[in-house]
Amino acid sequence: MKKSILLVPPSLIALGVGAAQAQEEMSIDARVNQIFADATGPFVSFIFAPFPGTEFPWIVMWLVVAATVFTLYFGFVQFRFFRHAIRLVKGDYSDPNDAGEVSHFQALATALSGTVGLGNIAGVAVAVGIGGPGATFWMILAGLLGMASKFTECTLGVKYRNEYPDGTVSGGPMYYMSKGFDELGLPGGRILAFLFAVFCILGALGGGNMFQANQAHAQISGITGDYPGWITGIIFAAVVFAVIVGGIKSIAKVTEKVVPFMGLLYVGAAIVIIAVNYDKIGWAFGQIFAGAFTGLGVAGGFVGALIQGFRRAAFSNEAGVGSAAIAHSAVKTKEPITEGFVSLLEPLIDTVVICTMTALVIVISQQLIIDAETGLYQLNEAGTVATINDVSGVALTSAAFGSGISWFPYVLVVAVVLFAFSTMISWSYYGLKSWTYLVGEGPTRELIFKLIFCVFVVIGASASLGPVIDFSDAAIFAMAVVNILALYFLMKLVRKELKSYSERLASGEIKAYKN
Amino acid sequence: MTTLVVGLDGHSSGERALAFAKRMAGLIDVCELVVVYVIEWSPYSFQTAEENAERHKRREKEITTAMERVVTPAVEALTAGGVKARGRVRHGDVAGTIIAIAEEEEAEQIIVSRSSEGGFTQRIFGSATSNLVMSAPIPVTVVS
């Protein structure tokens with residue numbers, strides 16, 4: 001999830017044009033922030049509260065324990081069905097008569113465009129900057145475990161989606177919570193669905209919108225020089241408006257084509273930098289393994305590395321949050337579990353591949369300063385790992401790539417802005433589905449949400465929104481609290497599907513159309 | 001019974017392929033023409049979540065439109081002329097889909113008109129017709 005890491009303190013973003021006006025607006029802004037922080041503080045503190053006596057946030061443990069439970073419960077489904085998942089994405093099992101419907105590949109690509117982004121670029125830098133290279137090891141482990149969470153939620157997303165008479169579909173945790181609980185005769189499904197929908201709307205407006213607009217502006221103004229954020233906000237809002245209200249599909253289509261290209265370019269550049277420094281690959285992995293179990297001098301030792309790795313993986317791939325279940329539910333398949341198999345590739349691509357690439361580039365480019373005598377990482381005053389030029393977040397990633405390919409930081413800015421935009425489009429849809437679940441479907445009701453969404457783009461880009469963003473992040477993680485709780489009750493339904501599908505696959509009843 | 005597959009692209013050049021196929025059918029004792037229209041589509045394209053949610057609805061509409069505008073008039077004209085004919089519409093890569101349908105129908109021959117696309121796309125990817133000619137396992141007649 002790319003929305004969780006502040007790269008530039010929001011307070012740096014100027015609001016007004018004139019100094020006096022700015023001063024006045026900043027004070028209004030500060031007051032708004034204060035009121036908001038006071039109102040939402042307890043909720044934010046609760047979600048991000050550490051276990052007593054530790055710095056380990058319980059919400060991270062909640063996600064990792066769930067991923068471990070699903071991994072064991074489904075017998076390491078992410079490894080057993082990995083090859084099958086690839087064949088499904090390739091279309092080997094797709095009925096030619098269904099051509100023109102949403103393919104497994106398309107559902108996966110759409111879901112990925114919602115998760116690959118700032119989390120992979122900036123989040124990893126934050127993890128490595130605080131937890132050292134060892135954080136990478138724990139990030140990979142969390143990514144591998146998270147594959148089972150995605151499998152569970154996306155299977156249910158397809159199984160319990162709503163298919164309307166006009167041919168459109170709506171799916172997501174709110175549907176499997178209400179329908180799945182009814183099917184099992186359990187109470188409370190509708191309450192969970194209601195809570196999930198509320199948190200999803202808040203998360204969509206915050207992390208999926210304001211944070212993205214805020215970061216896009218921070219990136220652009222970093223290149224062009226400082227200018228009022230509302231200008232970026234209005235431009236972004238106009239483009240988002242054109243896509244989600246105006247139905248100008250061409251903009252979305254261009255973005256959806258450019259974003260995967262940027263993703264490939266990013267991974268390609270990382271591979272080039274790693275290949276050029278091939279003699280350091282062994283050393284870098286040595287640092288990652290040693291750091292994972294000793295910390296190599298970082299604050300909190302190996303536990304510090306572990307927390308950062310787990311936390312950023314969860315932020316990046318959203319496994320267990322429930323957002324992917326909305327994105328994957330439009331696929332055309334007679335077997336809901338096939339989409340579950342496909343979705344488990346998502347944390348693999350997002351976290352195990354892309355995040356690891358970022359981490360390797362940062363380690364290999366030696367941006368982190370090592371004490372020559374002890375071999376441990378030096379810490380700065382803030383307690384994080386000291387870096388060359390004292391940079392962190394996306395600036396650290398940018399410096400690491402820039403040390404290998406001098407012009408790449410410019411590409412990175414374009415990538416960040418595009419990723420931010422595609423995340424907004426994805427989350428506008430997640431928020432809309434939750435909205436329509438609560439208020440009902442209909443053009444006017446949908447329009448109201450879409451307009452609110454556009455207004456929040458401007459607010460996000462122009463205001464300093466620390467507490468609001470904290471709250472939005474907490475809302476996204478609150479989605480995970482509700483979603484995973486429901487998954488524990490519903491996972492036996494997925495196991496039944498898995499058993500039935502495995503047997504039919506083994507007996508040859510389910511056949512590939514292509515070999 | 002001999003089955004011939006006629007690929008239409010919705011342009012006027014398709015009429016010539018249709019006229020040729022009709023003549024061929026007249027020369028063969030028992031013959032059926034399968035009129036095929038392929039809606040260009042790739043399962044590997046990128047779409048937004050909203051487009052995905054509406055995809056099924058749009059697909060149905062695309063098929064209905066293709067049937068109404070291209071395939072059904074052609075089939076009706078052939079039937080009125082005393083030729084046995086059926087129509088099929090499917091999404092996919094034009095050349096690959098026409099070949100797949102020809103194989104399903106156990107057709108003896110594929111009849112198409114010369115490709116109407118041109119310019120950049122054709123230079124890069126080759127025309128649908130040339131791809132068809134190069135990869136079809138059965139004879140292909142290209143009507144100019």
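Between A:G100 and B:R55, the shortest heavy-atom contact is O-NE, 2.6 Å. Between B:Y44 and A:F105, the shortest heavy-atom contact is O-CE2, 3.2 Å. Taking both residues in full, the closest heavy atoms of B:A49 and A:Y429 are given as CB-CD2, 3.3 Å, listed atom of the first, atom of the second, then distance. Nearest heavy-atom pair across A:S103 and B:P43 is OG-O, 2.6 Å. In this structure, B:N52 and A:A107 approach most closely via the heavy-atom pair ND2-CA, 4.2 Å. Across all their heavy atoms, A:E101 and B:W41 have their closest contact at O-CZ2, 3.0 Å.
A distance of 11.5 Å separates CG of A:D166 from NZ of B:K61, quoted to the nearest 0.5 Å.
No side-chain donor-acceptor contact under 3.5 Å links B:R59 to the backbone of A:V102. The closest donor-acceptor contact from the side chain of A:T168 to the backbone of B:A53 lies at 3.5 Å or more, if one exists at all.
If you tally non-hydrogen atom pairs under 4.5 Å between each of B:R58, B:E54, B:R90 and chain A, the highest count goes to B:R90. The candidate from A:S428, A:P260, A:G91 with the greatest count of non-hydrogen atom pairs under 4.5 Å with chain B is A:P260. Across B:T97, B:I63, B:T48, the residue that shares the most heavy-atom pairs under 4.5 angstrom with chain A is B:T48. For the set A:I326, A:N97, A:V89, the entry with the most heavy-atom pairs within less than 4.5 Å of chain B is A:N97.
Only the backbone of B:S42 comes within less than 4.5 Å of a heavy atom of chain A; no side-chain atom from C-beta onward does. Looking at B:E62, there are no atoms closer than 4.5 Å to chain A (heavy atoms on both sides), in backbone or side chain.
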